[in-house]
2 protein chains.
Amino acid sequence: MARKTGSHSEITGPRVRAAAERLFARQGYAAVSMRKIAAEVGVQAGALYLYTKDKQALLFDMMDAHMVALLDAWQELDPGGDPMMRLEALVRFHIRFHMERQDAVFIAYMELRNLTPDNYVAITARRKAYEQVVEGILSDGKASGAFAVEDAHLSAMAVIAMLTGVNTWYREGGRLSLERVEEIYWDMVRKSLVG
Amino acid sequence: MARKTGSHSEITGPRVRAAAERLFARQGYAAVSMRKIAAEVGVQAGALYLYTKDKQALLFDMMDAHMVALLDAWQELDPGGDPMMRLEALVRFHIRFHMERQDAVFIAYMELRNLTPDNYVAITARRKAYEQVVEGILSDGKASGAFAVEDAHLSAMAVIAMLTGVNTWYREGGRLSLERVEEIYWDMVRKSLVG
DNA sequence: AGATTATCTGAACGCGCGTTCATTTCAAGG
DNA sequence: CCTTGAAATGAACGCGCGTTCAGATAATCT
């Protein structure tokens, strides 16, 4: 396994990234050594550098890929049009997408401070783009009279925090199915935004 | 500065704890060395051990103190009685309390995985106690018909996530005063829970 | 089979880690 | 002025860190 030839690959090798993602999510970037990641892959530490420039690139690559996947997936799914329908689609999408990527989400939220300044700026820009997707829907709904929103930015942040919070408590096989959770959250979000 | 005599103090020295809290919040527990904390206090690393058993105790003490302060402060403020009034009091209290302790809150959420198993259990128990405060209010309101809540636990988690989320975006001197933020969040929470 | 290239090892580098402890500094009380 | 004991130093300990690289190994192609 490895890159084709010459200089190191632009994209972290998938097995290395998967191992790093698991470990970063469970123990945190700073607490995970290259040797631990290598052991998880079944290789010596030096071999990792065939797939990644350094440890920081490992973190940045997975965070950036996650944010891009989030934005792309929503663009694919965005029905456009009626703000109420768009928001419902987004709420359900957000919960589903985040629940399917618990490790990546955890890392995206917890490891921002371990990014170099340049990388921090890049990831933060992606986050802002997603926040503006939500804020845009709320603004449209406010303009059309569908939502009774005083401050679209504040409400967007409130909705995102609420939805992402599912990750901290929901466990598969629990009392509620994910479909049920989706339903109830959408109900709460909708009610909190209409007069 | 230091303990009275004999064995190390049960309570981390306040200056050491303040320095550790600042640094843990900004760089993370794993990335902060005892030498960095010592430098922040203006002392050599060895001197820290006059005030704390070890690095782990530094983390646990501040997290435990934070959770106890949260629970005590609410007990002091809890008006009891009408669930709607209690919930409003809690929403405003939660936002204010958390905004005044941004570092401690950040640590309480981010550093759970750096606790030893015993310490993790202890802190998690405190968290559950607070979650049950909120869940209790929602259950009462459901029973009395004040709230249209399908699952009190889920709604409690949703509310807590939404409220704590304020910490991630609110900055003093911004567009909105904290009073205004309190107002809008309470409005959203209330609407999301009534029919 | 032999050559070529991709893949990986294992040792090494300088460094900072958490923690301990004998020793020194320093303020206060007699 | 001398004693006491608290407060802090600074060196030391063994260890694991991120990263590099010369060399070994394994796969592929002619």
Side-chain angles (χ1 to χ4, degrees), chain A residues 1-21 23-24 26-63 107 111 113-119, chain B residues 1-21 23-24 26-63 107 111 113-119:
Chain A
M1 67 137 86
R3 72 185 126 96
K4 294 296 150 52
T5 185
S7 66
H8 76 276
S9 66
E10 291 308 310
I11 297 167
T12 307
R15 287 175 54 203
V16 172
R17 189 192 300 200
E21 189 166 301
L23 291 172
F24 286 171
R26 278 156 189 63
Q27 317 185 166
Y29 176 79
V32 173
S33 68
M34 293 300 272
R35 284 167 178 83
K36 281 186 197 168
I37 298 168
E40 185 90 353
V41 177
V43 108
Q44 294 299 316
L48 295 181
Y49 290 84
L50 294 168
Y51 306 99
T52 190
K53 188 177 159 291
D54 53 24
K55 196 188 173 191
Q56 170 72 203
L58 226 42
L59 179 61
F60 175 75
D61 285 355
M62 72 177 63
M63 287 179 75
I107 292 166
E111 304 296 356
R113 61 181 164 193
N114 286 310
L115 292 169
T116 59
D118 281 3
N119 288 344
Chain B
M1 66 138 87
R3 71 185 126 96
K4 292 299 149 50
T5 185
S7 67
H8 77 277
S9 66
E10 289 309 310
I11 298 167
T12 308
R15 288 175 54 202
V16 172
R17 186 190 304 197
E21 190 166 298
L23 292 172
F24 286 171
R26 277 155 190 62
Q27 316 181 186
Y29 176 79
V32 173
S33 68
M34 294 300 271
R35 284 167 179 83
K36 282 187 196 166
I37 298 169
E40 183 91 352
V41 177
V43 108
Q44 295 299 316
L48 295 181
Y49 291 84
L50 294 168
Y51 306 99
T52 189
K53 186 176 161 293
D54 53 24
K55 195 187 174 193
Q56 170 71 204
L58 227 41
L59 179 62
F60 175 76
D61 284 356
M62 71 177 64
M63 288 180 74
I107 293 166
E111 304 296 356
R113 61 181 164 194
N114 286 308
L115 292 169
T116 59
D118 281 4
N119 287 344

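Reminder, nothing fancy here: chain letters follow the sequence lines and each chain counts from 1.
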Interatomic distance where CG belongs to A:Leu48 and C1' belongs to D:dC17 [whole Å]: 14 Å

- request: Would you mind reading off the distance between B:Leu50 atom CG and C:dT25 atom C1', rounded to a whole angstrom?
  value: 14 Å

- prompt: To the nearest 0.5 Å, what is the distance between CD1 (B:Ile37) and NZ (B:Lys55)?
  reply: 6.5 Å

message: Using every non-hydrogen atom in the two residues, find where B:Asp54 and B:Tyr49 come nearest and quote the distance to one decimal.
response: CA-CE2, 4.0 Å

Between C:dT7 (P) and A:Arg15 (CZ): distance, integer Å: 12 Å

query: CD/A:Glu21 to CE/A:Met63 distance, rounded to the nearest 0.5 angstrom?
result: 11.0 Å

message: For the CG atom of B:Leu59 and the OG1 atom of B:Thr116, what is their distance to the nearest 0.5 Å?
response: 9.0 Å

Options C:dT7, D:dT9, D:dC17, nucleotide nearest the side-chain atoms of B:Gln44: D:dT9

- request: To the nearest 0.5 angstrom, please state how far the OH atom of A:Tyr29 sits from the CE atom of A:Met62.
  value: 9.5 Å

- request: Calculate the interatomic distance between A:Leu23 atom CG and D:dC17 atom P; express it in whole Å.
  value: 12 Å

message: A side-chain contact here means heavy atoms from C-beta on lying under 4.5 Å apart; do A:Leu115 and A:Gln56 qualify?
response: yes

Polar atoms only, N or O, under 3.5 Å: list the protein pairs with nucleotides 18-24 of chain C and their distances.
from: C:dG18; atom 1: OP1; to: B:Lys55; atom 2: NZ; distance (Å): 3.1
from: C:dG18; atom 1: OP2; to: B:Met34; atom 2: N; distance (Å): 2.7
from: C:dG18; atom 1: N7; to: B:Arg35; atom 2: NH1; distance (Å): 2.7
from: C:dG18; atom 1: O6; to: B:Arg35; atom 2: NH2; distance (Å): 3.0
from: C:dT19; atom 1: OP2; to: B:Tyr49; atom 2: OH; distance (Å): 2.6
from: C:dT19; atom 1: OP2; to: B:Lys55; atom 2: N; distance (Å): 3.0
from: C:dT19; atom 1: O5'; to: B:Tyr49; atom 2: OH; distance (Å): 3.2
from: C:dT19; atom 1: O4; to: B:Arg35; atom 2: NH2; distance (Å): 3.4

